[in-house]
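In what follows, chains carry the letters A, B, and so on, assigned in the order in which the sequence lines appear, proteins first and then strands, with residues in each chain numbered from 1. Computed from heavy atoms alone, side chains included, the values below leave out hydrogens, waters and symmetry copies.
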Amino acid sequence: MPKNLVIVESPAKAGTIEGFLGKDFTVASSYGHVRDLPKGDNAIDIENGFTPHYEVSKDKKEVIRNLKKLVKSVDTVYLASDDDREGEAIAWHLSEALKLDKASTKRIVFREITKNAVLKALESPREIDMELVNAQQARRILDRLVGFELSPILWRKVKTGLSAGRVQSVAVRLVVEREREIDRFKVNSSFKVVAAFTLETGEQLKGELPKKFDTIEEAQAFLEKCQGADFSISNLESRPVKKSPTAPFTTSTLQQEASRKFGYSVAQTMRLAQQLYEKGLITYMRTDSTILSGEAISRATNEITSAYGEQFVKVRQYKTKSASAQEAHEAIRPTNFASRSAGVDGQSTLLYELIWKRAIASQMADAELEKTTATISISTADDHLISTGEVIKFEGFLKVYIESTDEENGNGNDSLSKDMLPPITIGQVLNFIEMTARETFSRHAARFTEASLVKKLEEMGIGRPSTYAPTISTILKRNYVVKESRDGKPRAFNLITLNREGINATLESENAGAEKNKLFPTDIGIIVNDFLVEHFPNIVDYSFTANVEEEFDKIANGKYDWAKMIEEFYLPFHEKVEKTADDERP
DNA sequence: CAGTGAGCGAGCTTCCGCTTGACTT
């Protein structure tokens with residue numbers, strides 16, 4: 001009979017850890033939070049210091065029953081929920097719900113699921129940090145008060161069943177304001193000059209004028225000036241360029257890259273990642289950390305050495321960008337770097353390979369490129385044309401992984417697109433084919449995709465890895481925003497061509513404004529947003545979360561009383577709620 | 001007498017964050 005019980009949050013994690021520990025240990029899972037505020041109005045006793053009344057959640061009754069049985073059969077209980085604010089609260093709720101005896105209960109934490117990390121954690125147990133728990137309670141209570149006081153106002157003023165909250169309302173605001181910015185956007189056109197030449201070898205060389213012309217008259221005049229000109233290479237410069245790999249995946253970067261490369265929705269990505277996690281193929285998929293365990297790094301470098309050679313290895317540790325990161329887990333990586341394929345269905349395999357490549361590439365050498373710039377002089381003008389090309393001298397991490405970028409045209413764009421220049425020398429005279437001046441148009445800021453909205457929220461410190469996908473689902477379900485693809489419309493543009501026959505101006509047509517899977521605000525989304533911005537500007541302020549997070553940190557450090565913090569927020573907020581509700585204006 | 005309809009009251013919606021698995025489509 002085991003003498004010790006370890007409780008973690010996830011059953012898959014429990015299975016792994018049980019494998020590390022001997023017969024004296026049994027490992028069980030709480031399946032996340034076990035208690036929460038009930039739905040009704042009595043959950044928080046506002047009159048008495050905002051005292052919360054928690055209940056075991058409906059779907060956790062069975063979990064608690066089973067855990068209680070296990071507790072009875074052991075001597076010591078180790079609460080091993082995640083090493084962050086929510087995890088600390090889970091540990092406390094477990095100790096309350098299971099009525100654990102303080103003397104035989106220990107709190108342990110680890111940030112990587114490796115045998116060493118777990119054994120070390122068992123050797124240095126501590127008590128539950130009530131200040132951290134109080135910071136979580138303040139977070140929970142604030143979110144309930146905001147959500148459950150604002151939403152009913154919307155039922156009365158706009159439409160029943162609507163919702164507002166600290167996170168979702170800011171997400172909607174971002175989409176609404178982006179759309180307004182696009183509406184206000186004034187398109188400018190300008191003329192871009194490109195020339196094409198042939199070399200004796202038959203290869204082509206293209207050169208571009210660095211400046212653009214504002215008017216068709218100036219463009220026309222420039223082409224006229226170039227008529228009959230001689231073109232030659234007047235300068236040739238090469239410089240080395242290094243490219244470094246990006247950090248291994250966090251939840252949000254995985255969602256972005258899977259969206260760009262495969263067009264997956266954020267919910268779809270999380271579903272597939274969950275499957276991989278449950279099969280034991282990847283580490284935990286809800287994380288804000290880019291850190292790899294020492295063990296993972298050494299196994300990744302072994303794989304790189306055997307597959308590509310030692311010169312491709314470069315050990316790196318990445319700093320997390322977002323200030324709100326809690327880093328209770330590792331970055332998302334394969335559990336076994338030697339396994340290149342998930343061997344499951346198509347979509348999961350693609351996602352697995354993406355995770356493998358990104359994690360492996362993160363420990364690989366820089367790519368070394370040579371960037372060449374050729375300057376082409378024009379005998380009849382002071383202006384020069386510029387031609388650039390790139391040559392990869394050493395592939396480094398590019399052998400494995402190229403990150404995609406958000407581009408308006410089409411989905412992800414993986415290619416490095418820059419070709420190398422054909423062999424040319426200074427003084428070489430070029431054989432002119434043609435020169436074009438094409439009218440191009442300035443572009444408004446891109447509409448959000450699901451994934452780019454998540455990226456924005458993360459940058460602002462709003463929401464957590466476990467809530468990014470559900471937040472997107474909520475604002476879609478409420479019909480505040482819609483995800484749509486729209487066909488573009490034909491747009492005329494001027495094209496002037498200079499070739500051996502002379503100058504010829506034509507009006508051409510291109511397709512412009514096509515959108516694929518972008519978020520658009522709905523009328524109801526705009527109405528709700530404008531209502532909240534007018535009456536509750538502080539709640540939907542982009543820095544509201546950052547401000548309250550600062551106060552939660554003070555609570556966690558014992559420098560601020562949580563009830564005091566809630567009171568100072570709630571009194572003016574509630575007064576405003578009452579006033580707004582009484583206001584008979586629609 | 002039977003069926004209809006106006007009017008009334010009760011009960012519900014909702015937050016964020018931590019986890020799966022049980023549900024539909």
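Within the 4.0 angstrom heavy-atom criterion, base atoms lie near A:G32. Backbone-only engagement by A:L162 is indicated by non-hydrogen atom pairs under 4.0 Å involving sugar-phosphate atoms exclusively. Using a 4.0 Å heavy-atom criterion, one finds that A:G463 contacts the sugar-phosphate atoms exclusively. When heavy atoms are screened at a 4.0 angstrom cut-off, A:P470 is found touching no nucleic acid atom at all. Contacts of A:T474 with the nucleic acid, taken as non-hydrogen atoms under 4.0 Å apart, involve only primed sugar atoms and P, OP1 or OP2. Residue contacts shown for A:V146 are absent, as no nucleic acid heavy atom lies under 4.0 Å away. The residue A:S163 sits close only to the backbone: its heavy atoms come under 4.0 Å of sugar-phosphate atoms, none of a base. Here A:R85 lies out of heavy-atom contact (under 4.0 Å) with every strand. Here A:D59 lies out of heavy-atom contact (under 4.0 Å) with every strand. Within the 4.0 angstrom heavy-atom criterion, only backbone atoms of the sugar-phosphate kind lie near A:A164; the bases stay farther away.
For the atom pair NE2 of A:H535 and CG of A:D583, the computed distance is 5.5 Å after rounding to the nearest 0.5 Å. Residue A:R333 holds its CZ atom at 15.5 Å from OH of A:Y284, rounded to the nearest 0.5 Å.
Rounded to a whole Å, the CD1 atom of A:I44 is 14 Å from the P atom of B:dC15. Following rounding to the nearest Å, A:Q326 (CD) and B:dC16 (P) show an atom-to-atom distance of 17 Å. Distance CZ (A:R144) to C1' (B:dC18): 15 Å, rounded to an integer number of Å. When rounded to the nearest whole Å, the span between CD of A:E549 and C1' of B:dC16 equals 11 Å. Remark: C1' of B:dT14 and CZ of A:R156 are 15 Å apart, rounded to the nearest angstrom. One interatomic measurement links the two molecules: CG of A:L94 to C1' of B:dG17, which rounds to 15 Å at whole-angstrom precision. Between the CD1 atom of A:I90 and the P atom of B:dC16 there is a distance of 18 Å, rounded to whole Å. One can place OH of A:Y480 at 16 Å from P of B:dT13, the figure rounded to the nearest angstrom.
Here the side chain of A:R478 is nearest to one of B:dT14, B:dC18, B:dT19, namely B:dT14. Closest contact between the side chain of A:Q274 and the listed nucleotides B:dC15, B:dC18, B:dT20 involves B:dT20. Closest to the side chain of A:K60, from the set B:dC18, B:dC15, B:dG17, is B:dC18. The side chain of A:R464 lies closest to B:dC18, out of B:dT19, B:dC18, B:dC15. Among the nucleotides B:dT19, B:dC15, B:dT13, the one closest to any side-chain atom of A:R140 is B:dC15. Closest to the side chain of A:S10, from the set B:dT19, B:dC18, B:dC16, is B:dT19. The side chain of A:K39 lies closest to B:dT13, out of B:dC15, B:dG17, B:dT13. Checked against B:dT13, B:dT20, B:dT19, the side chain of A:M285 finds its nearest nucleotide in B:dT20. The side chain of A:H33 sits closest to B:dC18 out of B:dC15, B:dC16, B:dC18. Taking only side-chain atoms of A:W155, from C-beta outward, the nucleotide of B:dC15, B:dT14, B:dC16 with the closest atom is B:dT14.
Residue A:R166 places at least one side-chain N or O under 4.0 Å from the OP1 or OP2 atom of B:dG17. A close approach under 4.0 Å does occur between a side-chain nitrogen or oxygen of A:Y284 and OP1 or OP2 of B:dT19. Taking 4.0 angstrom as the limit, A:R286 places a side-chain polar atom (N or O) nearer than this to OP1 or OP2 of B:dT20. The shortest distance between the side-chain N/O atoms of A:T467 and the OP1/OP2 oxygens of B:dG17 is below 4.0 Å.
Each of A:E149 and A:K13 was matched to the nucleotide of DNA chain B holding its nearest heavy atom; the match closer to the 5' end belongs to A:E149.
A cation-pi arrangement, defined by a distance under 6.0 Å to the six-membered ring centre and an angle within 45 degrees of its axis, is absent between A:R140 and A:Y54. A cation-pi contact, defined as under 6.0 Å to the ring centre and within 45° of the axis, links A:R144 to A:F148. At least one test fails for A:R139 against the ring of A:W562: distance under 6.0 Å to the centre or angle within 45° of the axis.
Crowding of A:K13 atom NZ: a count of heavy atoms from other residues, nucleotides or ligands under 6.0 Å exceeding 12.
Residue A:F148 and nucleotide B:dC15 are not classified as a stacked aromatic pair, given the requirement of ring centres less than 5.5 Å apart at an interplanar angle below 30°. Ring-to-base geometry does not place A:Y31 in a stacked arrangement with B:dC18 (centre distance under 5.5 Å, plane angle under 30° required).
Judged purely by distance below 3.5 Å, without hydrogens or angles, the side chains of A:H329 and A:D82 pair a donor atom with an acceptor atom.
The salt bridge (charged side-chain N to carboxylate O under 4.0 Å, His left out) contacts involving residues 61-81 of chain A comprise A:E62-A:R65, where partners must be two or more places apart or lie in separate chains.
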